[in-house]
Protein chains: 2
Amino acid sequence: MHTMEEIVGRMSARGLRVTDQRKTLAKLFAETPGYLSPKDVYEYMGKTYSGLSFDTVYRNLRVMEELGVLEQVVFEEGVKFKLHCREEHHHHHMICLQCGHTYPITFCPMEQTAVPSDFRVVKHKFEVFGYCKSCEQEEAAASEA
Amino acid sequence: MHTMEEIVGRMSARGLRVTDQRKTLAKLFAETPGYLSPKDVYEYMGKTYSGLSFDTVYRNLRVMEELGVLEQVVFEEGVKFKLHCREEHHHHHMICLQCGHTYPITFCPMEQTAVPSDFRVVKHKFEVFGYCKSCEQEEAAASEA
DNA sequence: GTGAATGCAAACAATTTGCACGTGT
DNA sequence: ACACGTGCAAATTGTTTGCATTCAC
């Protein structure tokens, strides 16, 4: 797994400066199993840094993405970020709609997909959405109220 | 296939008014095999309607989506619209990155995907991107220049 | 000390809304 | 005639940029 130290180390190796804010950002992603929106990040960071501005959050998200530490994904609800997957081999994800937690899917549908010879495939996207066990239980509890 | 007349008919059946602009919009989508962004639509419509405003385009796209005539998809580059697929059975798409043309994929990867019993699947997304034959040829021709 | 990081304000882009006017039914 | 559709302007939201100040190295 990526640890906060590892991420920070990678930043300084590239000549980037290790500020408190970046350390906190690294820690946040190191400890978050799923996706975070810029707004999520802003709100979390805002607790610690009162004068925080949104543009710095965006800048640092972009920096960390260019560093290869984070990856960005576009959902219906907007852009989100998560730690870049460590797994070397190609894989896909199951994503919890409630908590954003992701689980790997090793199966890749491209292997099974018949592609006409006159279509040159460049990339593909396979994502499964649903609710993980704990979120499912919470939802059930909430709907009983 | 959806024809312009059919779409327009569906609109008036719901009490919506059939304006020139909506007819043109219906025709545009009836004749377009792939995805169009709101901007694409605005530019196309603008040729005919000089005083056209963006908000009307958005409004009509939404109206046609609610009617079930169009479907909206979110890509990295932004939101796009296409005619709602007629095929009853669930399917996926191969999408040309150049012209936006879509081709159906009947295979659904969910059948093959092992889902843990404690994850409740709600929806999934499977999309293949690449270049169709004619766009591939154009690209090859362009890169020779 | 120097250059990169930050905050602030302002610019931008995409999309939505309120309102007065025009038009399909 | 009446209600819905349209254009215009303005509001919103999400994101980026320029610039002066501050801080890590």
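Proteins get letters first, then strands, A, B, ... in listed order; numbering begins at 1 in each. This one's a predicted model, so the numbers in the text were calculated from it and none came from an experiment.
- By the rule that hydrophobic residues join a cluster once side-chain heavy atoms approach within less than 4.5 Å of another member, A:Leu52 and A:Val63 end up as members of one cluster.
- In this entry the distance linking NZ of B:Lys80 with C1' of C:dT15 reads 17 Å, nearest Å.
- Listed pair B:Thr56 / D:dT6 fails the phosphate criterion, with no side-chain N or O lying under 4.0 Å from OP1 or OP2.
- Shown here are the side chain to side chain contact (heavy atoms under 4.5 Å, CB included) partners of B:Ser37, two or more places apart in sequence or in another chain: B:Lys39, B:Asp40, B:Lys80.
- Using a cutoff of 4.0 Å between basic side-chain nitrogens and carboxylate oxygens, B:Arg10 and B:Glu5 are not scored as salt-bridged.
- Considering only heavy atoms from C-beta on, A:Gln21 comes within 4.5 Å of A:Met45 through its side chain.
- Only B:Arg59, B:Asn60, listed by number, bring a heavy atom of residues 57-68 of chain B to less than 4.0 angstrom from any atom of DNA chain D.
- Using a 4.5 Å cut-off between side-chain heavy atoms of Ile, Leu, Val, Met, Phe, Trp and Tyr, with links allowed through other members, B:Val73 and B:Leu70 fall into different hydrophobic clusters.
- Under 3.5 Å, the side chain of A:Asp55 and the base of C:dA9 form at least one donor-acceptor pair of N or O atoms.
- Taking atom CG of A:Leu25 as the reference point, atom P of C:dT6 lies 9 Å away to the nearest angstrom.
- At the phosphate of C:dT23, neither OP1 nor OP2 sits under 4.0 Å from any side-chain N or O atom of B:Gln21.
- Side-chain nitrogen and oxygen atoms of A:Thr19 include none within less than 4.0 Å of the OP1 or OP2 phosphate oxygen of C:dA4.
- One cannot find a donor-acceptor pair under 3.5 Å joining the base of C:dA5 and the side-chain atoms of A:Arg22.
- Residue A:Arg17 places no side-chain atom within donor-acceptor reach of the base of D:dC25, judged by atom type and a 3.5 Å distance cut-off alone.
- Between the CG atom of A:Leu52 and the P atom of C:dT6 there is a distance of 9 Å, rounded to whole Å.
- Residues B:Gly78 and B:Asp20 both approach DNA chain C. Their nearest nucleotides, taken by heavy-atom distance, put B:Gly78 toward the 5′ side.
- Under 4.0 Å is where a charged nitrogen must lie from a carboxylate oxygen, and between B:Arg120 and A:Glu136 at least one such pair does.
- Side-chain proximity of B:Val79 to the nucleotides C:dC8, D:dG5, C:dT15 is greatest for C:dT15.
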